[in-house]
Amino acid sequence: MLTHTQVVRLIFGLKLRQLRQERGFTPAALAQTVDVSVSYLNEIEKGKKYPKADKILAFARALGVSYDELISLSLGKKLAPVSELLQSPVLREFPLELFGLDPARLIELISDAPTRVMAFISTLWELARNYEVRQEHFYLAALRSYQEMHDNYFDDLEDAVRSCVARFRLGTDAPFDLHQLEDLLGQEYHYLIDRHELGTRPELARLRSVLQPAARRLLLRPGLTRAQEAFILGREVAFNYLGLKDRPYTNVPAATPGSFEQVLNHFRASYFAVALLMEESQLVADLQAFFSYPRWNAALLLGLLTRYEVTPEMLLQRVTNLLARHFGIGSLFFLRFDQHDARAPYQLTKELHLSRLHNPHANELQEHYCRRWVSLWLMEQARHSGSPGLRVAAQRSRYWQTTDEYLCLTVARFEANGHASSVTVGLPVDDNLRQKVKFLDDASIPVRWVNETCERCSIPDCEVRAAPPVEIERRAEQQRLAAAVQQLIQGQ
């Protein structure tokens with residue numbers, strides 16, 4: 001991440017260069033006036049060096065500005081977006097090194113071409129404002145990119161889980177005994193577990209857990225399922241065992257927004273917890289057996305949920321950790337949809353794409369997601385059943401007017417309070433998948449043409465269309481206009 005010192009040096013260098021050029025000084029002329037070498041001036045303007053007070057005063061006099069104006073962190077109108085970016089918490093807290101980015105190289109890029117960088121930054125800022133992109137959106141997008149870079153499998157975290165199991169002699173047979181986690185938190189990390197107080201706070205109804213760090217008191221909402229408690233306890237073990245200090249104190253990081261480091265550490269602790277509850281070699285063997293079955297059988301997938309006593313999201317998220325490493329299925333996607341009640345819109349609340357951005361992805365334009373997706377129609381089936389519980393389905397989804405096809409495995413849940421949700425893993429249909437998944441060609445798996453959103457879909461006579469294809473019509477009108485203009489230009 002960029003340090004405050006680096007930011008100060010860079011802004012000073014950009015301002016010095018801008019003033020020098022506005023005053024008509026060449027680098028050699030200004031260097032001679034201030035009695036420094038041209039090479040030293042060049043390093044100052046690139047943000048690599050910061051002069052002492054007497055030299056700053058000499059620069060200020062030569063350029064006709066005050067000392068305070070020269071050292072302030074504000075830049076002129078032309079470079080204001082660069083200054084905003086450099087001083088924003090997003091850039092200061094963003095761990096560039098995780099993505100292979102050298103902060104020094106970024107500084108050099110900005111100092112070499114500030115006006116071009118400024119134009120690019122202004123464009124990003126404008127797009128962010130137009131689409132109401134908030135800081136947490138940026139952090140979550142960066143986190144997804146980080147997961148995708150590693151195929152969502154992290155050797156260091158898998159090794160840490162094995163090390164923790166060995167150190168504290170934890171049993172890993174499924175289902176994981178969650179009493180081990182509670183004992184570990186109490187005896188090793190001196191936690192107090194409170195399953196009452198959070199239930200007395202109706203204003204915190206959306207939270208499942210809150211940690212009071214000073215008292216090391218973990219508040220758990222009464223009525224959590226065994227799986228939910230196990231995940232929360234496992235995550236607390238992870239924060240302590242991995243030494244993750246910068247962390248959120250609730251199960252919803254957005255409830256107490258902080259830095260990207262908090263978002264990243266929350267992900268790492270969550271990964272650790274799920275890997276602890278579903279030991280790698282056991283789940284790989286169970287997935288091999290599941291994929292080797294010659295017929296699609298929803299009961300087998302439900303059986304895995306029962307065996308590990310985890311939520312559908314925990315299971316399918318863990319599956320995305322293992323498919324690339326152990327099955328060679330690296331190009332996949334994961335989606336979570338939520339619908340608060342029958343009249344509410346479907347919301348894509350979580351997504352992950354490995355290798356590339358697949359066709360089913362979030363759309364922030366208030367458009368209607370394709371109702372042919374198994375993720376949505378299974379939620380509808382679960383809701384119409386009227387009975388709370390889980391439903392499982394598979395679908396071969398072929399994307400309209402593309403060659404893309406995915407085997408989608410979905411688990412949907414309908415709850416007594418009217419909330420419906422689904423989680424889906426999509427696996428690209430190719431020769432590798434045919435070798436790994438024996439039930440792929442089972443005739444009981446429906447094959448459907450699907451698309452992204454109704455507004456962008458030209459599938460004729462769609463029986464579940466939720467909105468007219470206005471974007472298709474807009475594009476067609478643009479094409480007709482372009483053709484008419486071209487004919488006129490050619491004198492036809």
Side-chain angles (χ1 to χ4, degrees), residues 1-131 133-135 138-139 142 259-261:
M1 62 185 68
L2 286 178
T3 66
H4 177 70
T5 299
Q6 287 175 313
V7 170
V8 170
R9 286 203 308 255
L10 183 53
I11 290 178
F12 182 87
L14 291 173
K15 180 178 292 187
L16 189 65
R17 174 188 287 188
Q18 184 182 34
L19 289 169
R20 175 179 61 76
Q21 292 173 341
E22 289 176 354
R23 303 301 191 265
F25 279 100
T26 64
L30 182 59
Q32 183 177 13
T33 302
V34 181
D35 193 24
V36 297
S37 67
V38 175
S39 61
Y40 182 59
L41 175 60
N42 184 56
E43 288 187 312
I44 293 174
E45 290 188 350
K46 286 183 176 293
K48 296 179 180 180
K49 295 287 179 67
Y50 193 83
K52 293 182 179 179
D54 61 327
K55 291 301 180 185
I56 294 176
L57 184 58
F59 279 122
R61 288 172 177 167
L63 297 170
V65 296
S66 69
Y67 181 95
D68 290 342
E69 182 181 349
L70 190 55
I71 66 171
S72 76
L73 296 181
S74 62
L75 288 170
K77 181 179 179 180
K78 291 183 179 180
L79 296 178
V82 177
S83 178
E84 291 175 17
L85 173 68
L86 292 173
Q87 296 182 76
S88 70
V90 172
L91 188 60
R92 286 202 312 270
E93 297 165 359
F94 191 75
L96 299 168
E97 297 85 351
L98 283 177
F99 295 84
L101 300 174
D102 181 3
R105 182 68 188 94
L106 178 62
I107 288 175
E108 186 176 346
L109 175 64
I110 295 174
S111 63
D112 281 345
T115 53
R116 294 181 184 179
V117 173
M118 179 275 297
F120 177 67
I121 292 170
S122 296
T123 301
L124 293 181
W125 256 215
E126 187 67 23
L127 289 172
R129 282 193 294 265
N130 287 345
Y131 291 95
V133 177
R134 299 186 299 273
Q135 180 173 306
F138 178 78
Y139 285 163
S259 63
F260 178 75
E261 193 73 14

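Numbers for residues simply follow the sequence, beginning at 1. Just so you know, these numbers use all the heavy atoms, side chains as well, and skip hydrogens, waters and symmetry mates.
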**Q** Test side chain to side chain contact (heavy atoms under 4.5 Å, CB included) on L70 and L19 and set out the steps.
**A** CA-CA 9 Å; L70 190 55; L19 289 169; 3.8 Å; yes
**Q** How about CZ on R61, more than 12 heavy atoms from neighbouring residues, nucleotides or ligands closer than 6.0 Å, or not?
**A** no
**Q** From T5 OG1 over to L10 CG, what is the distance, rounded to the nearest 0.5 angstrom?
**A** 12.5 Å
**Q** So which of Q21, Q32, R20 actually passes side-chain contact (heavy atoms from CB on, under 4.5 Å) with P27?
**A** R20
**Q** Return the set of residues passing salt bridge (charged side-chain N to carboxylate O under 4.0 Å, His left out) with K49 (not counting sequence neighbours), or none when no residue passes.
**A**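 Salt bridge (charged side-chain N to carboxylate O under 4.0 Å, His left out) check on K49 returns E43.
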**Q** Can you give me the closest heavy-atom contact between I11 and S72, atom names plus distance?
**A** CG2-O, 4.3 Å
**Q** Using modelled atom types only, decide if a donor and an acceptor are shared between the side chain of R17 and the backbone of E45 within a distance under 3.5 Å.
**A**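 Such a contact is absent between R17 side chain and E45 backbone.
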**Q** Under the ring pair (Phe, Tyr, Trp, His ring centres under 6.0 Å) definition, can you give me all pairs with a residue in residues 8-51, not counting sequence neighbours?
**A** F12-Y50
**Q** Does a side-chain heavy-atom distance below 4.5 Å link F59 with V36?
**A** yes
**Q** Could you pull out the closest heavy-atom pair between D35 and K55, with the gap in Å?
**A** O-NZ, 3.3 Å
**Q** Going by an N to O cut-off under 4.0 Å, is there a salt bridge joining K15 and E69?
**A** no
**Q** For T33, enumerate each residue passing the side chain to side chain donor-acceptor pair (under 3.5 Å) test, keeping only those at least two apart in sequence or located in another chain.
**A**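 T33: no side chain to side chain donor-acceptor pair (under 3.5 Å) contacts found.
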**Q** For the CG atom of L16 and the CG atom of L30, what is their distance to the nearest 0.5 Å?
**A**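 Those atoms lie 6.0 Å apart.
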**Q** If you round to the nearest 0.5 Å, how far is CG of L14 from CD1 of I44?
**A**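 Going from CD1 on I44 over to CG on L14, the span is 13.0 Å.
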